[in-house]
Enquirer: 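Before we start, here is the structure in question, set down as structure tokens.
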Amino acid sequence: MSLILSPNIENPDAFYQELTEAQRDLTDAEANAMNARLVLILANQVGSLEDLRDAIELAGATAA
Amino acid sequence: MLNTYEFPEFDYVQSPEQTAGEVVRHPVVVVGAGPIGLTAALDFAARGLKVVVLDDNNTVSVGSRAVCYAKRPLEIWDRLGVAKPMLDKGIEWKLGRVFMRDQEVYEFDLLPEDGHKIPAFINLQQYYLEEYMVEACEKNPLIDLRWKHKVVSLKQGANYVDLAVETPDGIFHMEADWLLACDGANSDVRRMVGAEFTGQFFQDRFLIADIVMKADFPTERWFWFDPDFHRGQSALLHKQSDDVWRLDFQLGWDSDPEIEKRPENIIPRVKAMIGEDVDFELEWASVYQFACRRVDNFRHGRVLFAGDAAHQVSPFGARGANTGVQDIDNLSWKLAAVINGDAPEALIDTYHDERAFAADDNILNSTRSTDFITPKNGASRLYRDAVLALSRQFDFARPLVNSGRLSSPTPYVESPLNTADADAWEGAMVPGTCAADAPVVEDGQPGWLLEHLGEGFTLLVSGLAVKPVEAGTFTPTVLEIGTHVEDVEGKIAERYDLRDGAVYLIRPDQHVAARWRSFDPDKIRAAIAHATGGDLK
Ligand SMILES: Cc1cc2nc3c(=O)[nH]c(=O)nc-3n(C[C@H](O)[C@H](O)[C@H](O)COP(=O)(O)OP(=O)(O)OC[C@H]3O[C@@H](n4cnc5c(N)ncnc54)[C@H](O)[C@@H]3O)c2cc1C
């Protein structure tokens with residue numbers, strides 16, 4: 001697996017805050033729709049099918 | 001409803017064997033005179049086989065069925081001499097447009113390169129297609145087409161099949177060395193041999209309406225997601241011949257097919273799509289539900305399956321009849337070789353290997369399209385809608401929009417009949433791929449490469465004169481580029497990476513069996529044996 005699983009986000013607290021801020025006033029349905037768009041935008045950024053596959057598998061296998 | 005087409009009624013004739021009450025053994029019997037059974041009859045006859053075709057009806061396809069025929073099946077029909085009336089009557093097209101609401105989000109060109117005899121696609125009502133093939137069958141002395149003959153039961157013997165056939169004169173028995181079931185998605189034969197037919201049903205309904213109108217929409221495939229005239233669902237518009245247009249409205253799972261089928265409910269939907277003031281008449285309308293399924297094995301003893309009897313797909317990629325015709329292309333030369341004693345029976349098993357592989361590829365593509373159009377659950381609907389929303393503004397999302405990936409041949413890359421490459425090659429013509437066409441000139445006359453491929457195997461060579469390679473009945477025809485025909489536009493060199501001294505071995509169904517950078521008769525003979533089951537168990 002070539003996914004980066006060590007910390008790699010530039011400023012974790014800032015990112016997390018901006019993500020949740022962006023959805024603060026949204027209904028669940030609106031937030032879900034936005035999340036779907038976000039996944040697609042990020043997926044295009046990643047590009048590699050192998051990496052995307054690994055990420056899907058990892059997300060699915062992680063205990064909630 | 002209006003009819004632009006008059007359905008022929010073919011005569012029932014009692015067969016001499018039924019009159020005499022004698023059981024006759026036939027080399028090949030085809031069940032079903034739909035597009036696939038008729039293609040089978042023509043191809044078997046082209047390979048010298050006598051064939052009996054049984055159909056329980058006495059006319060051509062009724063109602064809204066296939067519209068789009070792709071380049072490869074048209075090339076096969078061209079090889080069989082029946083493509084011309086189809087091309088003359090059909091409507092040529094290659095551009096598809098996909099709209100989200102009223103904005104275009106995606107466009108595809110199905111044949112971006114030129115230098116092919118056959119267009120990317122034509123649209124033609126299925127009844128015309130069948131009518132032209134029936135005419136060709138009736139002219140062929142090797143084909144015995146029997147209407148109002150329904151197969152009601154069958155029994156497999158050691159190396160033959162016993163059939164009970166019902167006609168207006170009662171039931172009689174006949175035998176076949178080989179039986180080809182082309183009796184459609186609800187195949188009786190499949191049930192009679194106990195074959196499994198499994199896959200996925202889609203929880204959705206579609207209203208398919210064929211209307212007659214004079215309109216100047218372009219000859220393109222137009223597909224809408226969530227259009228203003230049919231909110232929350234998808235719709236499709238496509239031109240056929242005789243000013244008939246195919247309209248397709250997604251209805252959703254909760255819709256009531258009986259209510260939707262009523263003209264008073266269809267007409268407002270159509271008007272909303274094409275405009276209040278466009279004159280039209282309904283020709284035919286039905287409500288469909290779609291499935292993607294495949295038979296467990298294309299061969300059960302002496303019974304073989306082809307077309308919808310072997311695989312069913314949703315129509316969004318126009319893959320049904322198109323792929324069924326390629327089943328026949330694959331089977332006919334093998335069956336002829338086995339019946340004539342030139343190849344072992346194991347060659348027939350490679351029909352399953354190659355065509356089940358293609359069927360799975362078609363089912364994969366059709367399932368992906370249908371899942372996009374009819375999302376499986378809330379989460380897939382969210383992603384689908386996200387793709388559509390993003391695609392209105394951003395290019396990156398557009399390739400994810402899936403309104404149907406249109407039929408194209410599946411290369412048999414895993415076929416046991418291929419001889420693997422030992423040299424390095426450019427381009428797409430890997431073993432198992434169907435041969436690309438290219439313009440050629442012979443004695444100053446323009447023509448096409450595919451027209452010059454032999455009935456049997458062909459050796460395509462470039463830049464050298466070769467001696468014939470003796471391989472018994474499989475002795476290949478030699479086609480020397482530069483001697484027999486000229487590669488005037490350099491397309492053969494380009495598409496095949498065929499340069500000085502290179503050799504391609506092409507199968508009777510115009511698929512690449514093997515290729516080499518130099519000419520070696522022993523390797524060629526070995527590859528022919530390999531491609532004809534000569535070294536199979
Ligand atoms: C709405 C719609 C749109 C489509 N669009 C396209 C498209 O654009 N392009 C495409 O390639 N495909 C398309 N298809 C699919 C296409 O119509 C089928 O794949 C095609 O008709 C299959 O041909 P077939 O010969 O296998 O079977 P069928 O056409 O079903 O023919 C079977 C024949 O067998 C006969 N028969 C059945 N049982 C018996 C029996 N017991 N004894 C004797 N005879 C029997 C029947 O009378 C019939 O004549 C579409 C289908 C639908 C429904």
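We name chains A, B, ... by the order of the sequence lines, and we start the count at 1 in each one.
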Enquirer: Mind running side-chain contact (heavy atoms from CB on, under 4.5 Å) on B:Phe394 and A:Ile41 for me, showing each step along the way?
Expert: CA-CA 10 Å; B:Phe394 306 108; A:Ile41 291 166; 5.9 Å; no
Enquirer: Please check if atom CD in B:Glu113 has more than 12 non-hydrogen atoms from other residues, nucleotides or ligands closer than 6.0 Å.
Expert: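 Yes.
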Enquirer: How about residues 18-32 of chain A versus chain B: which residues have heavy atoms under 4.5 Å apart?
Expert: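 Answer by number: A:Asn32.
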Enquirer: Any chance CD of A:Glu10 has more than 12 other-residue heavy atoms, nucleotides or ligands included, within less than 6.0 Å?
Expert: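 For A:Glu10, atom CD is not crowded (no more than 12 foreign heavy atoms under 6.0 Å).
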Enquirer: For each of A:Val39, A:Leu38, A:Asn35, A:Leu40, tally heavy-atom pairs with chain B at distances under 4.5 Å, and name the one with the top tally.
Expert: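 Of the candidates given, the most pairs with chain B belong to A:Leu40.
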Enquirer: Within the supplied structure, the quantity of interest is the number of heavy atoms (other residues, nucleotides, ligands) at a distance under 6.0 Å from B:Glu107 CD; does it exceed 12?
Expert: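 Count over threshold, so yes.
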Enquirer: CD of A:Glu57: more than 12 outside heavy atoms within 6.0 angstrom?
Expert: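 No, CD of A:Glu57 has 12 or fewer neighbouring heavy atoms, counting only those of other groups under 6.0 Å.
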Enquirer: Which distance, rounded to the nearest 0.5 Å, do you find between the CG of B:Leu382 and the CZ of A:Arg37?
Expert: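 Rounded to the nearest 0.5 Å, the CG-CZ separation comes to 9.5 Å.
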Enquirer: Give a yes or no on this: more than 12 heavy atoms of other residues, nucleotides or ligands lie within 6.0 Å of atom CG of A:Leu5.
Expert: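 For A:Leu5, atom CG is crowded (more than 12 foreign heavy atoms under 6.0 Å).
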